[in-house]
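These notes concern the structure reproduced below.
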2 protein chains.
Amino acid sequence: MSVTPNPKQTINLGDIARALGVSVATVSNALSGKGRVSASLVPRIRDMAEAMGYVPSQAARALRTGKSGVLGLVLPDIASPLFPQIAQAIERAASASGYGILIADSRGDVGVQTEAINRLIERGVDGLIIVPRRGTRIASMDIPFAVIDSPSTPGNTVSADHWQGGALIGTHLALLGHRNILLIGNNPASNVQNDRIGGMRSTLSGCATVDVLWIEQHEAKHGAGALLGLAERFESGTTAFAAVSDLHALRAMTELHRANIRVPEQATITGFDDLFWASAITPAMTSVRMDMPRIADIAIASLVCAIDGKSGDEVGENTRVPMSLITRQTSGPGPVSNTHHHKRGTGTC
Amino acid sequence: MSVTPNPKQTINLGDIARALGVSVATVSNALSGKGRVSASLVPRIRDMAEAMGYVPSQAARALRTGKSGVLGLVLPDIASPLFPQIAQAIERAASASGYGILIADSRGDVGVQTEAINRLIERGVDGLIIVPRRGTRIASMDIPFAVIDSPSTPGNTVSADHWQGGALIGTHLALLGHRNILLIGNNPASNVQNDRIGGMRSTLSGCATVDVLWIEQHEAKHGAGALLGLAERFESGTTAFAAVSDLHALRAMTELHRANIRVPEQATITGFDDLFWASAITPAMTSVRMDMPRIADIAIASLVCAIDGKSGDEVGENTRVPMSLITRQTSGPGPVSNTHHHKRGTGTC
DNA sequence: CTGAAAGCGCTTACAG
DNA sequence: CTGAAAGCGCTTACAG
């Protein structure tokens with residue numbers, strides 16, 4: 001066996017200090033920009049660090065300062081629609097603030113969610129961003145945390161204004177001249193869905209006949225994957241189908257297609273969230289989009305603020321970020337639509 | 001100002017040791033299960049730790065052991081299809097092995113990808129899982145890493161067998177009796193797409209007329225979002241449209257619908273990846289699915305192995321994980337299909 | 001079986 | 001402006 005002196009792999013402040021004949025404190029100060037260091041020394045130290053390929057030890061820094069520079073992100077289900085958008089926006093915002101993101105998937109289970117939060121805390125995150133599983137109330141904890149949820153949920157920090165988003169869709173449909181509309185939701189226990197439905201209703205009431213179909217209830221009766229009876233609805237006069245998610249809008253659209261009802265010529269379909277594939281549909285679907293970058297920025301900003309200032313408390317003050325309409329499909333309800341089209345711009349119907 | 005003795009928030013090994021009148025070494029040994037500790041002491045120490053709400057400091061442990069217990073995951077684009085599936089599977093596999101996952105989004109940019117890798121290393125990850133941006137060759141680094149990519153890409157660690165997946169689709173279509181098939185890809189520079197196309201071709205050649213449509217090339221000529229001319233293809237005899245992704249399959253399906261061509265009665269459409277919304281389509285689409293849990297397990301296992309054993313090298317040996325067919329749509333090519341249906345089971349056409 | 005001690009790499013008062 | 005020293009909380013040989 002050769003006795004090649006195994007050179008230490010990672011070099012540290014001491015190595016730089018030794019190479020330059022100064023103290024580690026000076027090197028640390030020069031590199032961090034804190035404390036007084038003679039102007040002539042700073043560049044020499046910086047260059048040497050660079051040349052030696054110095055990589056600061058986060059572990060040591062974290063141990064010393066008590067801050068890890070890492071935030072935890074808890075999601076109910078990374079793989080289901082919308083959450084990837086959230087994760088991406090959060091990662092960017094955190095990255096821009098110098099933080100890393102540790103992810104945890106609660107798999108839609110409250111127990112797993114609690115466990116995930118604990119594991120994240122054990123890993124030393126400085127704060128937590130939590131997108132709670134439906135109906136979960138996050139108990140207070142020892143570290144700062146931000147909750148992204150519906151505005152109707154008590155205790156949230158920031159969220160899209162789902163009600164206002166619903167209102168955008170409602171107005172859109174009213175202006176197109178629709179007077180018989182079916183709203184399609186999945187689960188009436190969801191705050192987000194209720195807000196969206198409520199928003200749509202609010203701008204439609206009085207000017208259109210509105211009915212709501214809850215898919216889970218429908219499937220409980222007719223079996224999973226059963227037809228939603230949309231063709232029948234169409235026959236009895238419904239001209240617009242407004243779903244609380246692009247996912248359900250897609251289901252509605254294909255169901256109408258199967259009944260040979262043309263979209264958007266004969267019936268209009270709208271969704272929510274502008275999911276990735278929404279633009280792959282021909283013609284693309286009108287949807288409403290959350291401003292994820294802004295939501296993420298607000299969540300991260302309030303978290304960073306809490307970390308740097310006081311700590312151990314829930315942060316934020318229920319900020320509502322407006323949603324925006326992505327208009328892609330503007331047909332009205334068939335032959336009648338032309339008449340109604342002229343009503344555009346009246347605001348209310 | 002009151003002089004309330006600010007009690008230390010986090011309690012450590014020393015606190016437990018003091019409370020029990022033993023040394024920190026003994027507490028450490030008892031809690032970790034290493035070293036010899038009298039049987040009577042172990043439960044007392046454990047209970048005390050529990051009672052005091054002890055949470056070990058990862059930072060200190062990491063500093064001492066040189067291992068952070070965190071792995072970095074680099075993705076080209078968290079929000080686009082398929083990557084959320086990967087992220088979820090990786091998070092689960094890592095979590096099961098006691099590792100946390102720090103995410104980074106390379107935004108499809110090679111520069112950002114390199115920077116992201118460096119940042120992850122600076123944060124002290126023990127290893128890296130990289131899903132490289134198309135065409136990127138990952139240079140060797142100082143820490144263990146696993147690459148998830150197409151088998152055709154040199155230097156990958158584990159991947160789905162896209163060619164074999166393509167063969168599954170090809171066989172499926174051949175058995176359904178299709179004799180005139182259009183394969184739909186997006187970009188011929190993608191190894192994954194080429195593998196899938198190649199696999200489909202391999203089982204179809206000699207028994208069907210096969211053509212390939214590359215969407216990017218088509219759009220370069222006719223503009224983004226242009227119709228793909230599928231109705232014309234149908235008119236000239238094409239009965240099956242096999243896309244390299246559910247996303248393009250969706251586009252194809254809606255385009256056919258707009259031309260009043262019924263799916264699947266008149267034309268069959270297949271996709272790849274069994275994306276989240278694939279089952280929301282009526283009728284649901286036949287697709288082919290990667291075994292993400294297995295891919296993730298293999299990636300994590302080889303990484304953990306490299307971390308515990310030798311280190312600083314690329315790991316793994318190009319494992320190909322088979323894909324599986326999700327059959328949801330079994331119609332053949334119209335009136336002719338009945339004849340061909342009887343050929344089922346012949347294996348080759 | 002148990003404990004005293006060293007040391008991981010850093011930052012931060014505190015002297016000089 | 002610069003350096004010596006303490007200490008963050010843990011683990012790991014090494015004595016006893």
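Naming: A, B, ... by sequence-line order, numbering from 1 per chain.
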Checklist line | Base partner of dA13(C), which must satisfy Watson-Crick or wobble distances under 3.5 Å | finding: none

Check: Where is the tightest heavy-atom contact between Asp77(B) and Phe83(B), given as atom of each residue plus distance?
Finding: O-CD1, 3.0 Å

Check: Should the heavy atoms of other residues, nucleotides or ligands under 6.0 Å from CZ of Arg294(A) be counted, would the total exceed 12?
Finding: no

Next item on the list: Please step through salt bridge (Lys or Arg N to Asp or Glu O under 4.0 Å) for the pair Arg18(B) and Asp15(B), ending with a clear verdict.
Entry: CA-CA 5 Å; Arg18(B) 219 167 301 119; Asp15(B) 297 325; 3.2 Å; yes

Next item on the list: Rounded off to whole Å, could you give me the CG-to-P distance for the Asp15(B) and dG9(D) pair?
Entry: 8 Å

Margin query: If I take atom CZ in residue Arg44(B) and atom C1' in nucleotide dT2(C), what distance separates them, rounded to the nearest angstrom?
Written below: 14 Å

Note to self: Could you identify the nucleotide paired to dA4(D), looking across every strand shown and requiring Watson-Crick or G-U wobble geometry with both distances under 3.5 Å?
What the structure shows: none

Notebook entry, point to check: If the sugar-phosphate is the primed atoms plus P, OP1 and OP2 and the base is the rest, what is the B/S/- string for nucleotides 10-16 of chain C, using protein heavy atoms under 4.0 Å?
Noted result: BBB----

Checklist line | Position toward the 5' end of DNA chain C (nearest nucleotide), Ala59(A) or Ser38(B) | finding: Ser38(B)

Note to self: Rounded to whole Å, please give me the gap between CZ in Arg18(B) and C1' in dG9(D).
What the structure shows: 12 Å

Margin query: Can you tell me if Ser23(B) touches the phosphate of dA4(C), counting only side-chain N or O atoms and a distance under 4.0 Å to OP1 or OP2?
Written below: no

Checklist line | Rounded interatomic separation in angstrom, taking CD from Glu122(B) and P from dG9(C) | finding: 16 Å

Item checked: Stepwise side chain to side chain donor-acceptor pair (under 3.5 Å) check, Ser68(B) with Asp126(B) -> CA-CA 6 Å; Ser68(B) 63; Asp126(B) 294 335; 3.2 Å; yes

Item checked: Donor-acceptor under 3.5 Å (Asp105(B) side chain, Ile78(B) main chain) -> yes

Checklist line | Those residues that, when tested against Ser23(A), pass side-chain hydrogen bond (donor to acceptor under 3.5 Å, both in side chains) (two or more places apart) | finding: Thr26(A)

